[in-house]
Amino acid sequence: MDNDCLFCRIIAGDIPSSKVYEDELCYAFRDINPQAPVHILVVPKKHIGSCGELTEADGALLGRLFAVIAAIARQEGLENGWRVVSNVGPDAGQTVPHLHFHILGGQRLSDRMA
Ligand code: AMP
Ligand code: ZN
């Protein structure tokens, strides 16, 4: 855990969050500033800065994260479609330096993507 990392502190329970799912490797919670009717963040409990730091050794963790992402999308009723996004670095708009996948979905999302 990185004490200076917002998402590490959320995972540790030091900062409150609207939890959607948790297991020994992953944590998911609702984005505080939703950009779509459903906007959930899925993160590894292990501190990894971004997709830019991933290696093949993270394969099992990524498999779990994407299985969790698919299960949450089903649970949230997003059968008509959704997006999964991960920003890397300032030019992409990454504001929290702990790997996270945005799940964005819900009615009229296509209008917002225009
Ligand atoms: P990114 O810009 O890709 O780094 O995404 C960071 C996301 O974290 C943004 O969508 C923020 O709204 C969200 N966020 C920041 N602080 C919190 C928080 N305390 N609880 C939930 N989501 C947060
Ligand atoms: Zn962290």
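Values below: every heavy atom of this structure, side chains too, minus hydrogens, waters and symmetry copies. For ligands, and for the atoms within them, numbers begin at 1 and follow the listed sequence. Remember, predicted model here, so these are calculated numbers, not experimental data.
Residues Ala28 and Val42 come closest through the heavy atom pair CB-CG2, 4.0 Å.
To the nearest 0.5 angstrom, His100 atom NE2 is 10.5 Å from Ile10 atom CD1.
For the pair SG of Cys5 and ND1 of His47, the angle whose vertex sits at the Zn ion (ligand 2) is 110° to 10 degrees.
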Lys46 vs Asp58, salt bridge (charged side-chain N to carboxylate O under 4.0 Å, His left out): CA-CA, chis, key distance, verdict: CA-CA 11 Å; Lys46 174 186 169 191; Asp58 298 306; 3.4 Å; yes
CA sep, side-chain torsions, deciding dist, call: Arg64, Asp23, salt bridge (charged side-chain N to carboxylate O under 4.0 Å, His left out): CA-CA 10 Å; Arg64 174 71 68 82; Asp23 63 30; 3.0 Å; yes
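Nearest N/O/S atom of His98 with respect to the Zn ion (ligand 2) is recorded as ND1.
By the 6.0 Å contact criterion, CD on Glu24 is enclosed, its count of non-hydrogen atoms from other residues, nucleotides or ligands being greater than 12.
Below 30°, between 30° and 60°, or above 60°: for His102 and His39 the angle between ring planes is between 30° and 60°, a tilted geometry.
Protein residues with a heavy atom under 4.0 Å from ligand 1 are Leu6, Phe7, Ile10, Phe29, Arg30, Asp31, Ile32, Asn33, Leu41, Asn87, Gly93, Gln94, Thr95, Val96, His100, His102.
Taking the centre of each ring, Phe66 and Phe101 come in below the 6.0 Å mark.
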